[in-house]
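Heads up: the structure comes next, in structure tokens.
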Amino acid sequence: MRNVKGGVWKNTEDEILKVAIMKYGLNQWARISSLLTRKSPAQCKARWHEWLDPSIKKTEWSKEEEEKLLHLAKIFPSQWKTIAPLVGRTASQCLERYNRLLDEVQRQQDNENGGGGGTTTTTTTTGENDPRRLRMGDIDPTPETKPAKPDPIDMDEDEKETLSEAKARLSNTQGKKEKRKFREKQLEEARRLAFLQKKRELKAAGINYNPKKKGKEKSWDISKEIPFYLKPKAGFYEVPEEELRDEPNKDASFIGKRVDQIENPNYLQRQDKLNKLEEIKKSKKEIFNLPQLISETSKSNDVEHSIKRTKLQLPEPQLTDDDIQEISDYEKLNGGSSGSGVGEFPLPAPRTASISSTANNNNNNTAITNNIRTPMKQDTIMSEAQNLLALSNAQTPLKGGAGPNVSQTPLPKSVNNSTPFRTPNPLANQTPTQHNKKQSLNDSNEFAIEDKFKRQQGKNQLLSNLKNLPSPTIEYKLELPTELPTIEDDTTLELDNSEIHIREQQQLKHKEQFKLRNRSTVLKRNLPRSRNLFPINKNNNNSSDINQDELRILKEINRIISHDNKTFPNDSITPSSTFDDDDHDTENNSINDNDEKYENYDYFTNTELEFADKLIREEIEQIKQELIQPLPNSNEILEEIDQIRSQFIYLPKENQFIEKSNANQTQLIENLQFEYDKTLNKIKNSSIKSVNLEKKLNIYNGGYQNRSNTIIKNIGDMFDQLEQSEIEYQCFVALKNNESIQMEKRLKSIENQVYDQCEIESRLQQKYAQLLNEKKLLKKKLSIF
């Protein structure tokens, strides 16, 4: 039986096609059609692209889509593959919708011609007589664009076989090809794991294994070798760019700042200066020109000046200039009055008609009155469909005659006006008649000449008026004031409370900065502060220069300490000038009583302080050079330290060192116990460290140890083999000696045997010769007889 492919698509066939496309893609249609016995590759492709593709739009047609379809059908007649992507539908959907629209127009025209009573009969007859309708026994030429047929309850044997075969092929993951691929994947994974294990073992043994890839013999390794490397010459070079690049504080000036602070660093200062100048100008205006200041403030506070009015946007006029000109011309022709009452307006003259014809028909139009109303909305879809139907039913223009009546419809918004006319319709634009052409040309020429004349007349009038204008005159008048205004200083001006507060805050800020800048070095470096003042003994009669200098230094130090305690008091440390020593009570009391001595604190500039610091450092260096001595040997220093350390013992309870000679028995025992615990802790710590080091060594040297063990084992096996081979060698040497001795004996015995055999053979030969002679003699005797 012949297998005919085609026909209506069923639900099972659609599902098989979807799954096959998911597996094989959109290019292997022959393989996909092999799953469906009743469908060809072209039918499978058409079914997917015309119906099953999820991107196909199957909703109802909108008005915009229908307008676009009719407009494109006029531009591209019968080119549905071109129209389909522009509309967003398939070609079959566009053709079907186009035919339906034309059928609706034809049905309406038939109803209008047949009358209102025969509407039902005409619809039924047109549906029955439709040539596109399938008759009984006809085959659908495009089944791919129709919905699928539901599956029956009892399927045929062929359908069941097709479905089971498709299931088996689409769900096949255990075939030869799949098994081979799975086996190759497993081998590749095992090869990769073996390579990684080998690389790890070699790395643990201290061998870096990097296999070289074939085909790259002429290339170099960039990680180990620099291509085209030139060794720099010996010497010193300046590298300012690298130093600037590697400087850690190069971006310190940008950290913690905004963009405006970086781009305009002095913006706030300039803004403050401008605000101050504005305030000064304002204060001067209050004194000298108060009315102007009041007018300016009132203007700034006025709503009309501060708020800008929005631009007035009016709707576009419904009547253009040409329409107004046409109405005025019509009124001139009718004499300015046509008998129209209130609410009436005369009908405008048509553009295609001549002036004489409008004048003759004026009497008939005056009786008709039209109320101004909103025009009725036009059904553009049906009018466009009527135009297309008329154009399709029209005869060729080569026969002559008038063309079909085509109404003008506006373009849809979704269609671009710049679409090129690739295949223009020859029936779209008919040749106008000669009478209408001449009439329109006359009208347009008359209106154009009149508009041009009026424009030129207005231009000439404007130029004449501009020429008659008087020439401009510019006069300047200068007046000097009789009395010069006196400008007072800023100090005499009365400042505002806010300005006074700001200035006070600035002064306090400057004072605070001055105090912080003149702090002592102890406070600047956050060093521990002194609670007490240094005692000064006034009863010391030794008046040497050194004592006088020390006295001055002590006084200066006391002055600095007292100044720091008063200027920057510390709550946690209360400054006191009392000492524990009884020898200095009188001096402390005198210091507490006479604190006024140290109130006169002298401030110095930074240059003076730097100069003093420089002098002190120079003096220290000079003293060092005078007192410099050769450094002792390191061994001598260590011996002295050991001797000094042996004279003292440490007491952990008292947390101090004492001389060994002054210690009692308990203190010695305590010291020995401390030393014992200390050594025990050291032993424990060293044992823990040794264990950790052993673990690390096992980690780092584990591969080496394993390798050494294997090598030692191999060496032992080889040594055993060597001993065994040595024993075998000795045995074979002994066998050789024995064999060489026995060889001579065997040779002699074999030679004797050979001689004996030769003698035997010679005897036998002689005997054989005798027997032959006897035989011959016997033969002769027999021949005689």
Side-chain angles (χ1 to χ4, degrees), residues 179-180 183-221 224-225 687 690-785:
K179 287 181 179 179
R180 188 180 73 251
R183 188 166 58 253
E184 287 176 356
K185 285 182 181 178
Q186 282 186 332
L187 289 172
E188 186 66 26
E189 186 67 18
R191 199 179 296 114
R192 188 180 69 83
L193 292 174
F195 177 73
L196 289 175
Q197 184 66 23
K198 180 181 178 182
K199 197 171 181 181
R200 288 195 193 100
E201 290 176 355
L202 290 172
K203 189 175 181 181
I207 299 171
N208 292 324
Y209 177 66
N210 292 319
K212 294 182 179 179
K213 294 182 180 179
K214 294 182 180 179
K216 294 186 178 181
E217 296 177 356
K218 296 182 180 180
S219 62
W220 54 75
D221 191 0
K224 295 181 180 179
E225 186 179 357
S687 64
S690 64
V691 170
N692 293 330
L693 287 172
E694 285 178 359
K695 288 180 180 178
K696 287 183 179 179
L697 285 171
N698 290 329
I699 291 168
Y700 289 125
N701 301 329
Y704 293 109
Q705 291 176 359
N706 294 330
R707 191 180 178 192
S708 64
N709 293 329
T710 54
I711 290 168
I712 290 165
K713 186 178 179 182
N714 293 332
I715 290 168
D717 295 338
M718 291 173 70
F719 186 74
D720 294 337
Q721 291 177 6
L722 183 62
E723 287 182 349
Q724 187 69 26
S725 61
E726 187 69 26
I727 292 167
E728 290 177 357
Y729 176 72
Q730 295 295 333
C731 291
F732 282 114
V733 168
L735 285 171
K736 180 184 176 184
N737 296 329
N738 294 329
E739 191 68 26
S740 61
I741 294 166
Q742 296 294 329
M743 188 69 70
E744 295 176 357
K745 293 179 180 180
R746 284 199 211 99
L747 287 172
K748 288 179 181 180
S749 63
I750 289 168
E751 286 177 358
N752 294 328
Q753 289 176 5
V754 170
Y755 291 147
D756 294 339
Q757 188 69 26
C758 289
E759 289 178 359
I760 292 167
E761 285 180 358
S762 62
R763 290 173 189 171
L764 291 172
Q765 287 292 337
Q766 290 175 2
K767 190 175 182 180
Y768 179 71
Q770 290 176 3
L771 292 172
L772 283 175
N773 292 328
E774 289 178 0
K775 183 179 180 182
K776 287 178 182 180
L777 291 173
L778 291 172
K779 281 183 179 181
K780 283 180 181 182
K781 288 178 180 181
L782 288 172
S783 63
I784 292 170
F785 292 111

- Query: For residues 763-785, which residue pairs qualify under salt bridge (Lys or Arg N to Asp or Glu O under 4.0 Å), counting only residues two or more places apart or in two chains?
  - Reply: none

- Task: Check whether any side-chain heavy atom of E726 lies under 4.5 Å from a side-chain heavy atom of Q730, and answer yes or no.
- Result: yes

- Spatial distance of atom CZ (R707) from atom CG (L202) [nearest 0.5 Å]: 8.5 Å

- When rounded to the nearest 0.5 Å, the distance separating NZ of K696 from CG of N701 is 13.0 Å

- Item | Neighbour count above 12 (heavy atom, 6.0 Å) for E744 CD | no

- Task: Could you pull out all residues at least two apart from E739 that satisfy salt bridge (charged side-chain N to carboxylate O under 4.0 Å, His left out)?
- Result: R746

- Task: With rounding to the nearest 0.5 Å, note down the distance linking CG in N709 to NZ in K713.
- Result: 10.0 Å

- Task: For salt bridge (charged side-chain N to carboxylate O under 4.0 Å, His left out), just list the numbers for K198 and E201, CA-CA rounded to whole Å, side-chain angles, deciding distance to a tenth of an Å, and then say yes or no.
- Result: CA-CA 5 Å; K198 180 181 178 182; E201 290 176 355; over 6 Å; no

- Query: Measuring from D717:CG to I712:CD1, what's the distance to the nearest 0.5 Å?
  - Reply: 12.0 Å

- Mind checking the CG-CD1 spacing from D720 to I715? Nearest 0.5 Å is all I need. 12.0 Å

- Query: Atom NZ in K745, atom CD1 in I741: separation rounded to 0.5 Å?
  - Reply: 8.0 Å

- Query: Do NZ/NE/NH1/NH2 and the carboxylate oxygens of E188 and R191 come within less than 4.0 Å?
  - Reply: yes

- Task: Taking side chain to side chain contact (heavy atoms under 4.5 Å, CB included) as the test, write out the residues that go with I760, two or more places apart.
- Result: L764

